[in-house]
Amino acid sequence: INAEYGNQDGTYTVQYHTKASGNHKVNVTLKGKTISNGIVSVPSSQDTDAAKSYAPGAGVVIASTAEPAEFIIQAVDTAGNTVTRGGDHFRVQVTSSNGQTIKHK
């Protein structure tokens, strides 16, 4: 990315668009030399994509009245990357064969 045209006040505006989640290295140089805080690690994340997220585990295959059924939810972002942060608000509702909502712990 070239930042050749400044804002006429000694600053330069730079924009970039990451394509995947994760830590990205940003290296800013001038005439081949790194500026004082020119190498930084910038975390990048994308919105979790419900269509790409999935729920593996026995609890989505079979359940028993003798023990709790369990599964996990794997959040995946729009680029297909595993999301490594929390905070998404998934909602799970289990309904019995007679239409009653099953309470969970």
Side-chain angles (χ1 to χ4, degrees):
I1 303 170
N2 288 323
E4 297 175 7
Y5 304 102
N7 299 327
Q8 306 304 318
D9 62 359
T11 65
Y12 296 77
T13 301
V14 177
Q15 292 182 343
Y16 63 95
H17 183 185
T18 61
K19 301 292 183 192
S21 296
N23 288 325
H24 292 70
K25 181 176 143 183
V26 176
N27 183 12
V28 181
T29 62
L30 175 65
K31 298 179 183 177
K33 295 184 180 180
T34 301
I35 67 170
S36 64
N37 67 333
I39 300 177
V40 294
S41 180
V42 179
S44 175
S45 64
Q46 296 179 346
D47 289 337
T48 299
D49 187 336
K52 293 183 180 177
S53 298
Y54 57 96
V60 294
V61 177
I62 192 167
S64 167
T65 58
E67 60 188 49
E70 184 176 296
F71 63 93
I72 65 167
I73 300 170
Q74 179 59 66
V76 178
D77 70 16
T78 55
N81 300 302
T82 299
V83 174
T84 58
R85 54 152 175 76
D88 292 307
H89 297 284
F90 289 95
R91 183 173 186 270
V92 177
Q93 181 176 354
V94 181
T95 307
S96 70
S97 59
N98 64 5
Q100 294 181 334
T101 299
I102 297 173
K103 298 198 186 297
H104 55 87
K105 296 181 181 180

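All values reported here derive from a predicted model rather than from experimental measurement.
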Heavy-atom side-chain contact between N81 and K52 under 4.5 Å: no

Hphob cluster co-occupancy, I35 + V40, side-chain heavy atoms under 4.5 angstrom: yes

Q93, CD: over 12 other non-hydrogen atoms inside 6.0 angstrom: yes

Euclidean distance, D47 CG relative to T78 OG1, rounded to 0.5 Å: 7.0 Å

Distance-minimising heavy-atom pair for S44 and T18: OG-OG1, 2.6 Å

Minimum-distance pair of heavy atoms, taken over all atoms of T48 and R85: OG1-NH2, 3.6 Å

Co-membership, hydrophobic cluster, residues I39 and L30, 4.5 Å side-chain: no

Side-chain touch D77/D49, heavy atoms, less than 4.5 angstrom: no

Side-chain heavy atoms of V42 within contact of Y16, under 4.5 Å: yes

Shortest non-hydrogen contact between V76 and S53, atoms and distance: N-OG, 3.0 Å

Atom pair CD (Q15) and OG1 (T13), whose distance is rounded to the nearest 0.5 Å: 8.0 Å

Joint cluster assignment, V94 & V61, ILVMFWY side-chain distance < 4.5 Å: yes

Taking every non-hydrogen atom, the tightest pair across F71 and P56: CB-O, 3.4 Å

Non-hydrogen atoms of V83 and Q74 that approach each other most closely: O-NE2, 3.9 Å

Within-4.5 Å side-chain heavy-atom neighbours: I73 and V92: yes

Check: D9 main-chain N/O paired with N7 side-chain donor or acceptor under 3.5 Å: no

A69 to I62 - nearest heavy-atom pair and separation: CB-O, 4.4 Å

Side-chain (T95) to main-chain (T101) donor-acceptor, under 3.5 angstrom: no

